[in-house]
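One structure is given here, and the rest of the page talks about it.
Letters A, B, ... are given to chains in the order of the sequence lines, protein chains preceding strands, and every chain is numbered from 1.
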Amino acid sequence: MPDAPERTTSPDEPRFRYTPTLAQQIELRWQDIWEERGTFHAANPQGRLTGPGGSPAAGDPYFIMDMFPYPSGAGLHVGHPLGYIATDVTGRFRRMRGDNVLHALGYDAFGLPAEQYAVQTGQHPRTTTEANIGNMRRQLRRLGLGHDSRRTFATIDPEYVRWTQWIFLQIFESWYDADAERPGPVTGAGDGRGRARPIAELRAELAAGTRPVPGHDGDNAGGAVWAALSEPEQRDVIDGQRLAYVDSSPVNWCPGLGTVLANEEVTADGRSERGNFPVFQRNLRQWKMRITAYADRLTDDLELIDWPEKVKSMQRNWIGRSTGANVRFDVVGTAEGDPAGAAGSLEVFTTRPDTLFGATFMVVAPEHPLLDEVPAAWPDGTRSAWTGGYDTPVEAVAAYRREASAKTAVERQADAGKKTGVFTGHLAVNPVSGLQVPVFTADYVLMGYGTGAIMAVPGGDERDFAFAEAYDLPVIYTVEPTGGLPEDHTGAYAGDGVAVRSANDEISLDGLGVVEAKAKIIAWLESKNIGEGTTTYRLNDWLFSRQRYWGEPFPVVWDEDDRPVAIPDAMLPVDLPDVPDYAPRTFDPEDANSEPEAPLGRNDDWVHVTLDLGDGPKKYRRDTNTMPNWAGSCWYYLRYLDPAETSAAALPELEKYWLGPQHNPTSGPAGGVDLYVGGVEHAVLHLLYARFWHKVLFDLGHVTGVEPFGKLFNQGYIQAYAYTDSRGQYVPAEEVEGDEQSGFTWQGQPVNREYGKMGKSLKNVVTPDEMYEQYGADTFRVYEMSMGPLDLSRPWETRAVVGSQRFLQRLWRNVVSEETGELTVTDDEPDTATLRAVHRTIADVRVEMENMRPNTAIAKLITLNNHLTGLSAVPRTAVEPLVLMTAPIAPHIAEELWSRLGHEESLAHAPFPAADDQYLVQDTVTCVVQVQGKVRARFEVAPDISAEDLEATALAEPNVVKFLDGRGVRKVIVRAPKLVNIVPA
RNA sequence: GCCGGGUUGGCGGAACAGGCAGACGCGGCGCUCUCAAAAAGCGCUGCCCGCGAGGGCGUGUGGGUUCGAGUCCCACACCCGGCACCA
């Protein structure tokens with residue numbers, strides 16, 4: 001039986017009780033008043049955006065931001081607004097403290113789900129997306145968020161797209177000069193060198209001959225080498241240096257979605273994060289961004305920002321910096337009739353160059369180019385176990401490569417640890433020992449990391465050891481702990497120790513520790529020009545194109561030589577064309593050999609154009625890719641400064657004021673948004689990409705700080721229980737009865753409880769609209785904020801919401817008569833106990849709010865409110881501070897009470913109460929007496945009691961005497977006035 | 001395996017800097033008001049023993065430091081999240 005006692009106003013309920021109906025009236029009215037008065041308008045230091053009533057900027061700028069929503073068609077559930085309420089509470093608090101608070105909300109509206117939803121409903125994505133934004137705006141407005149409505153926008157707005165494309169072109173028209181001096185803070189081991197510079201400067205330096213021509217030998221003095229190149233050759237050189245570039249390399253192709261994806265959008269088991277389709281590695285010509293040029297700065301500058309350690313470490317891991325050396329091994333032609341002859345050299349990356357003497361074989365990834373040619377016959381000494389049963393290396397390698405490419409990421413992962421591989425027939429020369437070592441190919445070496453080849457040191461690496469064991473390869477231990485390895489030692493030794501067996505005629509590492517040995521061998525390798533110290537990253541360049549309709553078109557056309565040409569700024573934005581069909585061309589998810597087909601290519605008139613880009617009308621082909629939806633979220637914080645600005649993405653003066661380094665007392669040297677709240681799911685996606693773009697913009701002089709987000713806060717998620725019946729079907733959660741002890745039932749039958757997300761299919765969704773209806777927005781806000789600390793995930797429990805409602809009802813009743821609606825407060829002086837309670841609460845609530853702990857702030861407000869409830873009459877001077885302190889959390893009821901208390905101005909800008917110290921001192925405090933650490937007595941004493949008096953009083957306590965039980969006193973610890981601890985003899 | 005976070009009543013959670021464990025809320029129990037119920041108000045509510053005064057136990061487990069440990073140190077177990085054959 002559903003038990004749903006609808007809580008509506010019953011006839012005999014007092015007329016002026018704070019009911020859901022009244023709450024709703026109050027809330028809607030104040031929302032209109034705020035909007036009319038522009039209460040939450042933040043004032044820019046200059047220009048058209050001013051504060052409430054046209055006021056100029058005053059107070060410290062404080063920029064607070066949410067990760068903006070993606071307007072899906074599903075609507076909101078009660079979990080979504082959690083972060084928005086939290087930022088609103090903080091913003092309202094800071095505003096009352098006198099800060100100039102910038103808080104607004106835009107919409108992240110391009111992307112796959114919006115497109116899929118549109119395809120499903122058969123409407124244009126713009127239509128459905130705009131409808132979704134409208135719906136979401138309505139639901140959020142009802143929450144009473146104190147946003148500056150003049151500053152909202154969506155990433156699909158043509159003016160916004162224009163600047164997204166402009167930033168793309170800034171990146172396209174830049175290159176990374178690793179030697180250029182860089183302004184701004186120096187972090188990590190960095191030398192403050194390396195920054196993006198305009199391509200025009202590169203071209204000028206190449207022409208002037210002050211810089212060698214990349215990829216072309218010869219002395220470019222006077223620009224001779226450069227001048228000798230043809231114009232197309234020059235353009236190829238330039239295009240190869242751009243921070244946004246097109247190249248053909250292995251990318252993630254997802255036939256099920258019909259698009260390529262960035263590494264960050266592919267899960268560890270090789271599937272698309274969205275849709276969970278298989279992803280295949282394919283060589284395709286695609287746009288990339290040279291994020292790897294920023295790998296060091298992206299790692300090191302994490303020191304400058306106040307972010308959760310978890311997110312910082314996820315970014316560090318993702319970038320995956322490791323230092324070591326590249327070492328080149330000569331590869332020898334071996335068998336007679338080997339067509340390859342001397343096959344040149346094989347370069348490996350190692351973090352342990354000090355173990356070079358222990359390299360007894362080598363391994364290259366199956367995709368490694370060395371395998372394109374292998375010896376025709378097995379060299380002498382080839383063991384049968386190495387050949388995989390094939391007669392020639394050619395067959396063996398071909399078979400292994402086939403096998404490896406057919407393996408999915410899942411299989412590859414499942415096989416991790418189990419070593420497979422095959423001898424390639426190649427032999428290489430260990431440059432320090434002179435030994436010829438066999439070159440294997442095995443899939444435990446990845447082409448995408450380092451050089452795709454390793455020197456295998458089975459004595460020092462577990463994986464190499466496992467391979468050596470499987471293929472019967474020699475093991476040399478070159479590092480031993482002091483005292484040597486035990487007789488029965490088996491497996492690799494990867495621990496600390498000193499080098500042994502590591503000497504030749506020219507160099508000896510023996511006796512050196514790992515660190516010293518590394519330095520020495522690197523110096524030696526460099527002197528012989530067979531290797532050098534280097535740093536490698538797990539991070540790869542960011543794949544930036546998508547074969548989708550619903551995204552920003554690239555502001556680039558291709559000329560008749562098939563080289564990219566930027567669209568001039570004045571011709572931006574490049575709008576999305578009308579196409580007959582905007583659905584992506586998707587394929588059988590398993591069909592790795594399908595080819596991406598961009599929907600923008602379906603409009604010939606749009607694709608093939610004649611444009612005058614400054615050198616007369618010419619024929620061009622437009623780029624038919626679109627940008628990933630991360631593009632819009634990479635810079636939206638800048639647009640809040642003034643979304644209507646037409647001369648720049650963001651005006652420098654505004655950027656400096658709101659985002660620059662030290663723009664307020666708590667802003668750090670990197671500057672950035674003062675508080676950025678959102679879920680942790682974007683740790684290596686949006687948050688990494690946005691930092692990258694920001695650094696490019698910094699290098700090019702468009703922003704003054706090196707980081708976009710000074711402080712990041714990850715809010716927890718609201719979870720919910722879901723229930724399944726005996727067949728495993730979900731049943732409506734709101735109709736389930738019972739509890740943990742008695743068990744849960746639905747319509748009389750026992751059901752199973754699960755804990756997790758809220759979702760339609762789980763039949764446990766609770767919507768904000770239901771909460772507005774049944775309790776009002778203020779109660780909903782109080783409940784969400786009181787559930788626990790903001791960074792913790794916790795279960796939603798609708799029946800507990802009533803506690804928050806009772807609090808507000810009691811607060812209402814402390815000011816207004818439920819019977820008559822008249823004000824009930826008195827102008828009498830509060831008694832001392834009340835004054836103390838008020839000022840204690842003020843002092844505490846300030847601290848809790850400063851530290852973003854609304855849950856404990858609410859607890860203290862409730863305590864004060866309950867104290868006032870117990871009084872025969874509530875003094876105005878006691879309840880007014882309470883109303884003000886409640887305002888950030890429950891703003892509507894607070895405004896209403898404030899206005900009924902006779903104040904004409906909104907309290908949104910009223911000063912937050914300040915505690916008067918004289919009421920914070922108690923005239924008595926409770927002293928606790930412990931005997932051996934256990935509390936045995938307590939009594940009231942004056943706060944300034946002397947240690948001697950306190951000790952004497954404590955020792956005289958009857959219960960203390962009883963527990964001392966005649967034993968003497970060994971020691972007395974006195975912490976006047978609160979504690980005495982007596983240690984018996 | 002590595003990295004990050006966590007484990008406190010029936011439930012969500014408090015506890016500043018090592019000093020009264022369990023604030024506040026939900027739920028539960030009792031009382032007041034009421035013809036009755038709801039709402040509201042008041043009181044109690046960690047577990048165990050005891051009529052009571054009171055006592056014993058108690059913050060995942062085991063040890064340690066300390067006059068005193070939820071808090072600090074060591075070891076372990078379990079849970080959540082991330083990464084994972086990254087050379």
Return the value, rounded to whole Å, for the distance between atom [atom1] of [X] and atom [atom2] of [N].
| X | N | atom1 | atom2 | value |
| --- | --- | --- | --- | --- |
| A:Asp464 | B:A87 | CG | P | 12 Å |
| A:Leu685 | B:C83 | CG | C1' | 14 Å |
| A:Lys310 | B:G6 | NZ | P | 11 Å |
| A:Asn959 | B:A53 | CG | P | 13 Å |
| A:Lys962 | B:G54 | NZ | C1' | 6 Å |
| A:Glu940 | B:C20 | CD | C1' | 12 Å |
| A:Met787 | B:A14 | CE | P | 12 Å |
| A:Leu790 | B:A14 | CG | P | 10 Å |

Whether the [X] and [Y] side chains hold a donor-acceptor pair (N or O, under 3.5 Å, no angle test) is what I'd like checked.
| X | Y | value |
| --- | --- | --- |
| A:Asn959 | A:Arg936 | no |
| A:Gln715 | A:Asp791 | no |
| A:Gln805 | A:Thr779 | no |
| A:Thr292 | A:Asn540 | no |
| A:Ser322 | A:Tyr449 | yes |

Original post:
In Å and rounded to the nearest 0.5 Å, what is the CD to CD distance from A:Glu273 to A:Glu681?
Top reply: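 Output value for this atom pair is 9.5 Å.
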Subject >> Of A:Thr424, A:Thr441, A:Thr420, the residue whose pairing with A:Tyr400 passes side chain to side chain donor-acceptor pair (under 3.5 Å) >> reply: A:Thr420
Under 3.5 Å between N/O atoms: give me all the protein pairs with nucleotides 21-26 of chain B, atom names plus distance.
| from | atom 1 | to | atom 2 | distance (Å) |
| --- | --- | --- | --- | --- |
| B:G25 | OP1 | A:Asn866 | ND2 | 3.3 |
| B:C26 | OP1 | A:Arg806 | NH1 | 2.5 |

Distance between the [atom1] atoms of [N] and [M], in whole angstroms?
| N | M | atom1 | result |
| --- | --- | --- | --- |
| B:C67 | B:C78 | C1' | 34 Å |
| B:U61 | B:U66 | P | 23 Å |
| B:C31 | B:A69 | C1' | 41 Å |
| B:G58 | B:A21 | C1' | 9 Å |
| B:C16 | B:C85 | C1' | 47 Å |
| B:A39 | B:U32 | C1' | 14 Å |
| B:C11 | B:C48 | P | 14 Å |
| B:G5 | B:G56 | P | 38 Å |

Original post:
Once the angle between the rings of A:His682 and A:His686 is folded into 0 to 90°, is it parallel (under 30°), tilted (30 to 60°) or perpendicular (over 60°)?
Top reply: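 Geometry flag for A:His686 against A:His682: perpendicular rings.
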Counting only side-chain nitrogens and oxygens, does [X] get under 4.0 Å of the OP1 or OP2 atom of [N]?
| X | N | value |
| --- | --- | --- |
| A:Lys978 | B:G19 | no |
| A:Arg538 | B:A84 | yes |
| A:Arg813 | B:G41 | yes |

Does [X] reach a base, just sugar-phosphate, or nothing at all? Heavy atoms under 4.0 Å.
| X | value |
| --- | --- |
| A:Arg853 | nothing |
| A:Ser322 | sugar-phosphate |
| A:Tyr755 | nothing |
| A:Val983 | sugar-phosphate |
| A:Leu861 | nothing |

**OP:** Could you work out which one of B:C85, B:A40, B:G13 sits closest to the side chain of A:Asp443?
**Re:** B:C85
Original post:
What nucleotide, of B:A87, B:C42, B:C67, holds the atom closest to the side chain of A:Phe349?
Top reply: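 Closest nucleotide to the A:Phe349 side chain: B:A87.
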Subject >> Salt bridge flag under 4.0 Å for residues A:Arg328 and A:Glu532 >> reply: yes
Subject >> Residue whose nearest RNA chain B nucleotide is more 5′ - A:Glu309 or A:Lys971 >> reply: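 Nearest-nucleotide comparison on RNA chain B picks A:Glu309.
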Original post:
Mapping A:Pro789 and A:Thr420 onto RNA chain B by nearest heavy atom, which one lands closer to the 5' end?
Top reply: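 Its nearest nucleotide lies further toward 5', so the answer is A:Pro789.
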**OP:** Kindly check if the number of other-residue, nucleotide or ligand heavy atoms within 6.0 Å of NZ (A:Lys757) is above 12?
**Re:** no
**OP:** Check the chi torsion on B:G43 and let me know: syn if it falls within 90° of 0, anti if not.
**Re:** anti
Original post:
Would you say the base of B:C67 and the side-chain of A:Asn981 have a donor-acceptor pair closer than 3.5 Å?
Top reply: yes
Original post:
Does the base of B:G12 carry an N or O that pairs as donor and acceptor with the side chain of A:Arg794 under 3.5 Å?
Top reply: no
**OP:** Could you give me the CA-CA distance, side-chain angles and deciding distance for A:Phe467 and A:Phe361, then say whether ring pair (Phe, Tyr, Trp, His ring centres under 6.0 Å) is met?
**Re:** CA-CA 10 Å; A:Phe467 194 87; A:Phe361 61 101; 5.5 Å; yes
**OP:** For a side chain to side chain contact (heavy atoms under 4.5 Å, CB included) with A:Leu811, tell me which candidate from A:Ile862, A:Leu882, A:Val816 qualifies.
**Re:** A:Leu882
**OP:** Hunt down any stem RNA chain B takes part in, defined as 3 or more consecutive Watson-Crick or G-U pairs whose two distances are each under 3.5 Å.
**Re:**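 Stems for RNA chain B, defined as runs of 3 or more consecutive pairs: B:1-7 with B:77-83, B:10-12 with B:24-26, B:27-32 with B:40-45, B:46-49 with B:54-57, B:60-64 with B:72-76.
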